Amino acid sequence: MLPDFDAAPERLAPRLLGWTLLVDGVGGLIVETEAYDADDPASHSFGGRTARNAAMFGPPGHAYVYRSYGLHWCLNFVCREAGHGAAVLIRALEPTQGLVRMQQRRGLDNPRLLAAGPGRVAQALGVDDRFDGLPLDRPPFELQPPAGAADIVSGPRIGITKAAERPWRFGIAGSRFLSRPMR
DNA sequence: CTTTCGATGATCT
DNA sequence: GATCATCGAAAGG
């Protein structure tokens, strides 16, 4: 069973919450996401296809990984349809599997800080540009459906200047593992 | 608790 | 040459 990667990003993003994301058996529950679309000035795909964002214009259900601020990696799930340029940014996980491995990679103990933020997620999972364009339906990736329904909250996306009013950030209400509290 | 700032490099104009 | 879908440490209330 897999998420509906053919959906528009603002619909896929909330639906991903509660799924378990593992990379080589390490990861946890997705608790925070953001949607980015082609007609969205905040999106890397807004200006059309380039070398960096090529994976965003590839088939749905694949990874788009980019370098942020010259230091961090960020992981997205491509969605909608091939050639469109839509994706969902994975912003935070509640760690459940491979705690020690994540603590080693992050150089931290506190489970709360292991994957609370997109750069932290990628570092904890060992994701970098080698994962750009890889399919999400087979190893090293594994996705497991939610155990039950969760309360979902939405709000403005973080760290953007354009289209800042779109409420395309989604989180599980009350989770302690968000990059920032929802509002 | 809050705000500020430096790190660091690819990407795009 | 400016702009980042960020993080962590430091400084101030």
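Per chain, numbering begins at 1; letters A, B, ... match sequence-line order. Every value quoted in this text rests on a predicted model; they were computed, and no experiment measured them.
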- Message: Let's see if you can work this out: which of C:dC7, B:dG9, C:dC4 has an atom nearest to the side-chain heavy atoms of A:Tyr69?
- Response: C:dC4
- Task: Determine: side-chain N/O of A:Lys162 to OP1/OP2 of C:dA5, distance under 4.0 Å, yes or no.
- Result: no
- Query: What's the CZ-P distance between A:Arg91 and C:dC7, to the nearest Å?
  - Reply: 7 Å
- Message: How many whole angstroms separate atom CZ of A:Arg52 from atom P of C:dC4?
- Response: 11 Å
- Query: Do any side-chain nitrogens or oxygens of A:Arg67 fall under 4.0 Å of OP1 or OP2 in C:dA5?
  - Reply: no
- Let me know the distance between CG of A:Asp128 and P of B:dT8, rounded to the nearest Å. 19 Å
- A:Arg49 atom CZ is separated from B:dC12 atom C1', nearest whole Å, by 17 Å
- Message: Using a distance-only criterion (donor-acceptor N/O pair, under 3.5 Å, no hydrogens), is the base of C:dA5 paired with the side chain of A:Tyr66?
- Response: yes
- Grab the CG-P distance between A:Asn53 and B:dT11 for me, whole Å please. 10 Å
- Task: Count the heavy atoms belonging to other residues, nucleotides or ligands that lie under 6.0 Å from CG of A:Asp129, then report whether that count exceeds 12.
- Result: yes
- Task: Take atom NE2 of A:His72 and atom P of B:dG9, then tell me their distance rounded to the nearest Å.
- Result: 12 Å
- Side chain of A:Arg120 only, please: which of C:dG8, C:dA5, C:dT6 is the nearest? C:dG8
- Query: Looking at the side chain of A:His44, which of B:dG9, C:dT6, C:dA5 is the nearest nucleotide?
  - Reply: C:dA5
- Task: For the pair A:Arg106 (side chain) and A:Leu113 (backbone), establish whether a donor and an acceptor sit closer than 3.5 Å, ignoring hydrogens and angles.
- Result: yes
- Look at A:Arg157 together with A:Asp40 and state whether they make a salt bridge at an N to O cut-off of under 4.0 Å. yes
- Note on the structure: Atom CG of A:Leu114 and atom P of C:dC7 are separated, to the nearest Å, by 13 Å
- Task: Answer with base, sugar-phosphate or nothing: what part of the nucleic acid does A:Thr50 contact at a heavy-atom distance below 4.0 Å?
- Result: sugar-phosphate
- Message: Looking at A:Arg80 and A:Ala8, would you say the former's side chain and the latter's main chain have a donor-acceptor pair under 3.5 Å?
- Response: no
- Item | Given C:dC4, C:dT6, B:dG9, the nucleotide with the shortest approach to the side chain of A:Thr161 | C:dC4
- Query: Taking 4.0 angstrom as the limit, do A:Asp39 and A:Arg166 come out as a salt bridge?
  - Reply: yes
- Quick one: label A:Arg157 by what it contacts on the DNA or RNA (base, sugar-phosphate, nothing), any heavy atom closer than 4.0 Å. nothing
- Does C:dT3 pair with anything, Watson-Crick or G-U wobble, both distances under 3.5 Å, and if so, with which nucleotide? B:dA10
- Would you classify A:Arg106 as touching base, sugar-phosphate or nothing, given that sugar-phosphate means primed atoms plus P, OP1 and OP2, and contacts are heavy atoms under 4.0 Å? sugar-phosphate
- In whole angstroms, how far is the P atom of C:dT6 from the CD atom of A:Glu34? 7 Å
- With sugar-phosphate meaning primed atoms plus P, OP1 and OP2, does A:Ile160 contact a base, only sugar-phosphate, or nothing at under 4.0 Å between heavy atoms? sugar-phosphate
